[in-house]
Structure formats: C-alpha cells, structure tokens
Amino acid sequence: NAGVTQTPKFQVLKTGQSMTLQCAQDMNHNSMYWYRQDPGMGLRLIYYSASEGTTDKGEVPNGYNVSRLNKREFSLRLESAAPSQTSVYFCASTEGGVLYGYTFGSGTRLTVV
Amino acid sequence: KNQVEQSPQSLIILEGKNCTLQCNYTVSPFSNLRWYKQDTGRGPVSLTIMTFSENTKSNGRYTATLDADTKQSSLHITASQLSDSASYICVVANSGYALNFGKGTSLLVTP
C-alpha cells in the first residue's frame with residue numbers, strides 16, 4: 001500500500017542511548033516532516049525537509065538531528081536520549097507546503113527510562 | 001501567538017446519534033483549515049481541507065463548516081457509528097510549512 005512507513009513501531013531506550021527513527025514514503029512527495037505527540041498537547045513540528053537536500057528546524061528541534069537521505073527517506077536521530085523525549089513520533093509527507101494534504105505514518109512510540 | 005482551541009475535550013454519544021465538534025483559532029495569516037481523524041495507535045488521517053473561500057465541505061457522514069470572519073469551524077458527524085470513536089483534530093495552516101494543531105476532541109461512540 002502506498003503511504004508513509006515508519007520503523008520501529010515501539011522502542012525503549014535508556015537515558016543517554018542513541019537511536020535513529022526511520023521514515024520512507026513512496027508517493028514521490030517533495031516535503032517530509034517529523035512531529036511529536038505528547039498527552040494533552042497538539043502535534044509539534046521537530047524538523048522538516050521542504051525538498052531533497054534541505055532541512056529546517058521546527059518548533060521543538062533541541063536534542064534531535066535529521067537526515068534527508070534521498071527523496072524517499074527522512075530519518076530522525078536522538079544522539080543522547082532523555083526522559084523528556086518520551087513521546088509518539090510521527091513522520092509525514094506532502095507534495096509541497098501547507099497547500100497540500102499531508103500523509104502521516106502510523107507512528108513510533110518511544111519510551112526513555 | 002497562533003492558537004487552535006477545540007471543544008469539547010471529550011464526548012460520549014450513542015450509536016446512531018449526531019454530534020458537532022468545535023474549533024476556534026487565532027492563526028494569521030490563514031491558508032487553510034483541516035480536520036483529521038486519529039484512531040488509537042495510528043497516525044492522523046485527513047477528513048476535509050477548506051480554504052478561506054469555502055464555507056462547507058463534506059466527506060461522507062462528516063461535514064465541516066468554516067466561518068473565516070469569526071475564525072470558527074465545526075465538524076458535524078451524522079448517524080454516528082462505533083468506528084467513529086477516535087480523536088478529531090483541527091489543524092490550521094498559515095504559510096510555508098507551518099501547521100498549527102489543536103489538542104483534539106476524543107469521541108467515544110457507545111452501543
């Protein structure tokens with residue numbers, strides 16, 4: 001099925017460990033995004049990539065890095081995980097900016113202990 | 001500061017009944033307003049997208065309205081089904097790549 005695929009679906013990390021969340025889309029979309037969703041809050045933008053070769057910070061970028069590997073793939077890296085990064089992470093893609101519909105992945109539930 | 005406020009926070013209705021969810025926003029400049037449905041453990045799925053000039057948009061049993069003058073939107077669900085149990089999120093886009101998400105209304109449809 002066409003769409004946005006995220007891996008892994010679940011992950012438990014110890015404080016200080018690192019990991020990379022993977023995201024791939026097969027809709028030939030130009031723009032890709034990483035959001036986090038916390039209880040009682042709306043989704044917040046971490047980083048986005050408007051097009052292949054570019055990345056920009058969103059609302060809550062601290063503690064994260066991203067790589068737009070190619071047009072299909074956009075990864076999110078936590079270099080030294082902290083309990084405050086416990087959250088559900090969603091990757092999304094769109095043809096361009098806010099004029100277009102967004103397609104979201106099914107999420108990665110990350111717990112940092 | 002751009003804000004999107006949704007009400008009620010949660011709602012319980014009987015299967016077959018109608019319901020209306022509300023969204024008020026203070027986002028400028030305004031580009032479009034979207035409603036998403038998010039099932040538990042899944043990513044948000046788009047229901048409707050409305051631009052400034054659109055007052056109403058339907059998607060099956062879902063009808064969204066937009067009053068750009070008062071900066072209010074509503075999502076009306078007709079003849080609710082058990083599968084409508086989910087969180088409904090109002091999202092207002094301004095420019096570029098910025099989406100402003102509401103916290104969502106959690107809807108439970110009971111038999």
Side-chain angles (χ1 to χ4, degrees), chain A residues 1-7 9-10 21 23 25 27 29-51 54-61 66 68 74 87-109, chain B residues 1-10 21-54 57 59 62 64 73 86-106:
Chain A
N1 292 334
V4 177
T5 302
Q6 292 183 235
T7 56
K9 293 189 182 300
F10 301 93
L21 282 63
C23 175
Q25 53 91 8
M27 296 168 286
H29 282 170
N30 291 310
S31 304
M32 298 185 72
Y33 310 80
W34 277 105
Y35 286 91
R36 61 178 289 174
Q37 186 174 38
D38 299 297
M41 302 185 72
L43 274 76
R44 293 181 293 170
L45 182 63
I46 304 171
Y47 270 94
Y48 68 97
S49 172
S51 60
T54 69
T55 60
D56 285 285
K57 295 178 180 179
E59 180 184 358
V60 288
V66 291
R68 183 74 182 267
F74 188 39
S87 187
V88 181
Y89 292 85
F90 288 99
C91 178
S93 71
T94 182
E95 288 187 38
V98 298
L99 297 179
Y100 298 92
Y102 282 56
T103 301
F104 285 85
S106 58
T108 294
R109 184 172 294 275
Chain B
K1 181 180 177 181
N2 292 327
Q3 287 188 310
V4 179
E5 302 288 343
Q6 293 187 242
S7 61
Q9 186 174 12
S10 61
L21 313 180
Q22 301 291 342
C23 175
N24 296 331
Y25 62 93
T26 55
V27 175
S28 182
F30 174 89
S31 177
N32 57 68
L33 185 145
R34 309 145 186 253
W35 283 93
Y36 284 88
K37 178 186 180 187
Q38 185 176 20
D39 292 314
T40 300
R42 308 291 295 175
V45 174
S46 180
L47 295 175
T48 62
I49 301 177
M50 291 183 291
T51 60
F52 184 89
S53 60
E54 296 175 294
K57 184 161 281 190
N59 179 357
Y62 301 100
S73 176
S87 178
Y88 291 85
I89 305 173
C90 177
V91 183
V92 181
N94 41 358
S95 60
Y97 298 88
L99 291 181
N100 301 276
F101 288 80
K103 297 178 182 180
T105 292
S106 179

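Chain A is the first sequence line, chain B the second, and so forth, proteins listed ahead of strands; every chain is numbered from 1. Only heavy atoms go into these numbers, but all of them, side chains included; no hydrogens, no water, no symmetry mates.
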| request: Identify which of B:I49, B:N32, B:L99, B:T51 forms the greatest number of heavy-atom pairs closer than 4.5 Å to chain A. | output: B:L99

| task | Go through the atoms of A:S31 and report whether side chain, backbone, both or neither lie under 4.5 Å from a heavy atom of chain B. | result | side chain

| Option in B:S31, B:A93, B:P44, B:S46 with maximal non-hydrogen atom pairs under 4.5 Å from chain A | B:P44

| message | What part of B:D39 gets within 4.5 angstrom of chain A, counting heavy atoms only: side chain, backbone, both, or neither? | response | neither

| Considering all heavy atoms, the nearest B:R34-A:G101 contact | NH1-CA, 3.8 Å

Would you list the atom pairs, donor with acceptor, under 3.5 Å between side chains in residues 32-43 of chain A and any protein atom, with sequence neighbours excluded?
| residue | atom | partner | partner atom | Å |
| --- | --- | --- | --- | --- |
| A:Y33 | OH | A:G96 | O | 3.0 |
| A:Y33 | OH | A:Y102 | OH | 3.2 |
| A:W34 | NE1 | A:F74 | O | 3.2 |
| A:R36 | NE | A:D38 | OD2 | 3.0 |
| A:R36 | NH1 | A:Y64 | OH | 2.9 |
| A:R36 | NH1 | A:S84 | O | 3.4 |
| A:R36 | NH2 | A:D38 | OD1 | 3.1 |
| A:R36 | NH2 | A:D38 | OD2 | 3.4 |
| A:R36 | NH2 | A:S84 | O | 2.8 |
| A:Q37 | OE1 | B:Q38 | NE2 | 3.0 |
| A:Q37 | NE2 | B:Q38 | OE1 | 3.0 |
| A:D38 | OD1 | A:S87 | OG | 2.8 |
| A:D38 | OD2 | A:R44 | NH2 | 2.7 |

